[in-house]
Amino acid sequence: MIKNDGDFGLPPYAAKNRDVVEQRLSDVSAGTGLQETLTIEWRTKPQVVQVIDMPVNSLYYNPGTHRIRAQRSYDPQLDRRLDEDPWSEDSQKYLQHLLQAEPSDPSKRDKDFDALKQSLADFKQNEPGLITREGILVNGNTRAAALRELGVENIRVAVLPDSCTWADINRVELSLQLRHDTRRPYSYINRLLTIDEQVESGRPLKEVARDFRIRESTAEQDLWVLACLRDLSDRSSAGDVQLRLLDFEDAQERLREVHRAYAKESKADAQKAELLKENRLAAIVMNFSKTDVRLIEADFRGRYLEHRLPDELKAPPAAGPARMIPGINRAVKAEVPQVAAARSFTDSVLRAKAVVRAKEKVPSAQLDAATSVFEAAHKAVEDALEPAGKDARVRKRKQAAPDRLNDACQDIEQCITDMVLASASRSLDEEVLDEAVLKLKATLKKLAQATTQTIEVPGEGVEWLRDAVRQGQA
């Protein structure tokens, strides 16, 4: 839970830190040696800020950092505490834990954090962090956590202008994170949340996409995925437990492929697009691989899965009546039965996985029931994927011959261009070309013979090929 206005107030030792910062900035300015600076984007313009040394233990982790935005939900109680008092010892310890943790599973230590810590031990600090005058870390939170573990007393930090606000802090952090030389990018879910936050603040999507160095269509895709994940999280609620956004941290490529397939299908049939989306999202929740998820199409449940499902996972909810939108007196169509059944199955899988993930927080009877549902659903989908895979391979073989001919046509088109260029420069080897054409003639003869054995009613193209070969033999 992040405060909407993003204002966390000032830490308890803000005044003390400000005095130390001002004194050290004054000392650096008065010195005669080479002064270190950092260039930042400040209110849309470049600005050079001074770098000083600060005691690392006197600084505060930024409770609003985008780096661990999704991971905050790992411990709901500490997350609430962080909202209530972000500068307390417990809150700061929680932030330090999340900075050291694996993004997809904060119960585990992140190998990238250990690599950063080792790099700092071997090569010291290469680039300065960034703080406010009150000692709040704007950039360099993870480095500060590593330096504290190493027992290093001081950290090199640049200092923001005195007039900075929390809005400035968020913008500067984002601009520094998106530089090409960044060493530790945001995790996938935190990146989605940051894009969404920027758009919700009123910035045009095109501008946000440019900052992230992605196409606007990619940013639209990311927002679509985030909306799906929020929906899945809400639908997974089972009493006091539910899935978190960070539980989908490792599903980036699979989710992007779902969007591409959904967008393509929705142009032809919106209902089939919804079926495809629900079928594939259920498989992602069950952690099937990318190649398995690709086998799942809109008809997957009807053709392969339905008769393999146990009864408790088969019965869909009755399709409800059309809903009325308050205020405009307009009806919204109820879900068709097939989509309702697919959503019901996905919901069952979501709730079961939420309980299994929270196994230490739920009664054993509830855990056993959820485990049974999840395993039954997983086995049914796994069994259904086998015939779906076989059919996909058959379809691929059916398409292989036409695809190869299309590729050959493209090569011949390129050959024509190459011939024109070679002729213009008088570098065309006509004898070698003649040998290649004779080889093409022999190959086309074999192709014509193959069509007589495999195609009973030839179309216009095959008929032309056969006639051309017969005339060549006459």
Side-chain angles (χ1 to χ4, degrees), residues 2 62 64-75 79 95 97-116 139 141-142 170 173-200 205 208-236 242-263 277 280-294 350 353-354 357:
I2 300 298
N62 177 10
T65 178
H66 297 90
R67 181 171 295 287
I68 54 171
R69 186 66 57 90
Q71 287 67 35
R72 282 187 49 170
S73 63
Y74 170 66
D75 188 318
D79 188 22
L95 289 172
H97 169 78
L98 296 179
L99 290 166
Q100 299 168 340
E102 191 174 298
S104 59
D105 185 359
S107 67
K108 300 177 182 178
R109 190 173 171 91
D110 190 4
K111 293 180 180 178
D112 288 342
F113 176 82
D114 286 331
L116 171 65
N139 188 48
N141 285 271
T142 313
N170 285 331
E173 182 204 358
L174 181 61
S175 67
L176 288 172
Q177 180 60 35
L178 296 178
R179 285 184 176 179
H180 287 297
D181 60 357
T182 183
R183 291 173 177 262
R184 196 166 181 253
Y186 290 153
S187 70
Y188 176 54
I189 301 299
N190 286 322
R191 179 173 168 276
L192 299 185
L193 290 170
T194 304
I195 292 174
D196 180 64
E197 177 193 87
Q198 295 294 304
V199 173
E200 287 297 311
L205 183 61
V208 175
R210 185 173 63 248
D211 284 352
F212 277 82
R213 300 184 178 90
I214 58 177
R215 294 189 299 272
E216 187 175 358
S217 59
T218 302
E220 290 174 345
Q221 179 188 74
D222 287 340
L223 293 176
W224 184 91
V225 168
L226 181 60
C228 282
L229 294 184
R230 283 172 166 160
D231 179 55
L232 292 179
S233 177
D234 290 341
R235 290 162 58 187
S236 72
Q242 72 180 90
L243 294 177
R244 306 152 301 185
L245 294 180
L246 66 89
D247 291 322
F248 299 92
E249 192 72 70
D250 295 330
Q252 176 175 344
E253 287 304 317
R254 287 172 289 168
L255 289 166
R256 285 180 168 175
E257 288 197 0
V258 170
H259 174 266
R260 286 194 288 268
Y262 176 85
K277 182 183 77 171
R280 289 197 177 190
L281 288 177
I284 291 173
V285 173
M286 288 183 278
N287 205 32
F288 281 96
S289 69
K290 182 167 63 175
T291 52
D292 283 338
V293 174
R294 286 173 181 166
L350 285 165
K353 185 167 183 176
R357 277 289 179 96

Criterion side chain to side chain contact (heavy atoms under 4.5 Å, CB included) on Ile195 and Ile214, from CA distance to verdict: CA-CA 11 Å; Ile195 292 174; Ile214 58 177; 4.2 Å; yes
So do the side chains of [X] and [Y] get within less than 4.5 Å of each other, counting heavy atoms only?
X      : Y      : value
Asn139 : Thr65  : no
Phe248 : Leu232 : yes
Ser175 : Asp211 : no
Thr218 : Phe212 : no

Without swapping roles, check the side chain of [X] against the backbone of [Y] for a donor-acceptor pair under 3.5 Å.
X      : Y      : result
Ser233 : Leu243 : yes
His259 : Glu220 : no
Glu249 : Ile189 : yes
Arg294 : Glu257 : no
Asp247 : Arg244 : yes
Arg109 : Glu102 : no
Lys290 : Glu253 : no
Glu173 : His66  : yes
Asn141 : Asn62  : yes

Arg254/Asn287 under side chain to side chain contact (heavy atoms under 4.5 Å, CB included): CA gap, chis, key distance, verdict: CA-CA 10 Å; Arg254 287 172 289 168; Asn287 205 32; 3.4 Å; yes
Candidate pair Met286 and Lys353, rule side chain to side chain contact (heavy atoms under 4.5 Å, CB included), full reasoning: CA-CA 8 Å; Met286 288 183 278; Lys353 185 167 183 176; over 6 Å; no
From [X] [atom1] over to [Y] [atom2], what is the distance, rounded to the nearest 0.5 angstrom?
X      : Y      : atom1 : atom2 : result
Asn170 : Glu197 : CG    : CD    : 5.5 Å
Arg67  : Thr194 : CZ    : OG1   : 10.0 Å
Asp112 : Ser187 : CG    : OG    : 11.0 Å
Cys228 : Leu223 : SG    : CG    : 11.5 Å
Arg280 : Lys277 : CZ    : NZ    : 13.5 Å

Partner of Leu229 under side chain to side chain contact (heavy atoms under 4.5 Å, CB included), chosen from Leu193, Leu245, Asp234: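 Passing option: Leu245.
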Please name the pair of heavy atoms, one in [X] and one in [Y], separated by the smallest distance, quoted to 0.1 Å.
X      : Y      : result
Leu98  : Pro106 : CD2-CB, 4.2 Å
Ser236 : Gln242 : OG-CB, 3.4 Å
Val225 : Tyr188 : CG1-OH, 3.4 Å
Pro103 : Leu246 : O-CB, 4.1 Å
Ala219 : Leu205 : CB-CD1, 3.6 Å
Arg191 : Tyr186 : N-CB, 4.2 Å

Arg230/Asp196 salt bridge by N-O under 4.0 Å criterion: yes
Donor + acceptor pair across side chains of Asn190, Gln71 (<3.5 Å):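 There is such a pair between these side chains.
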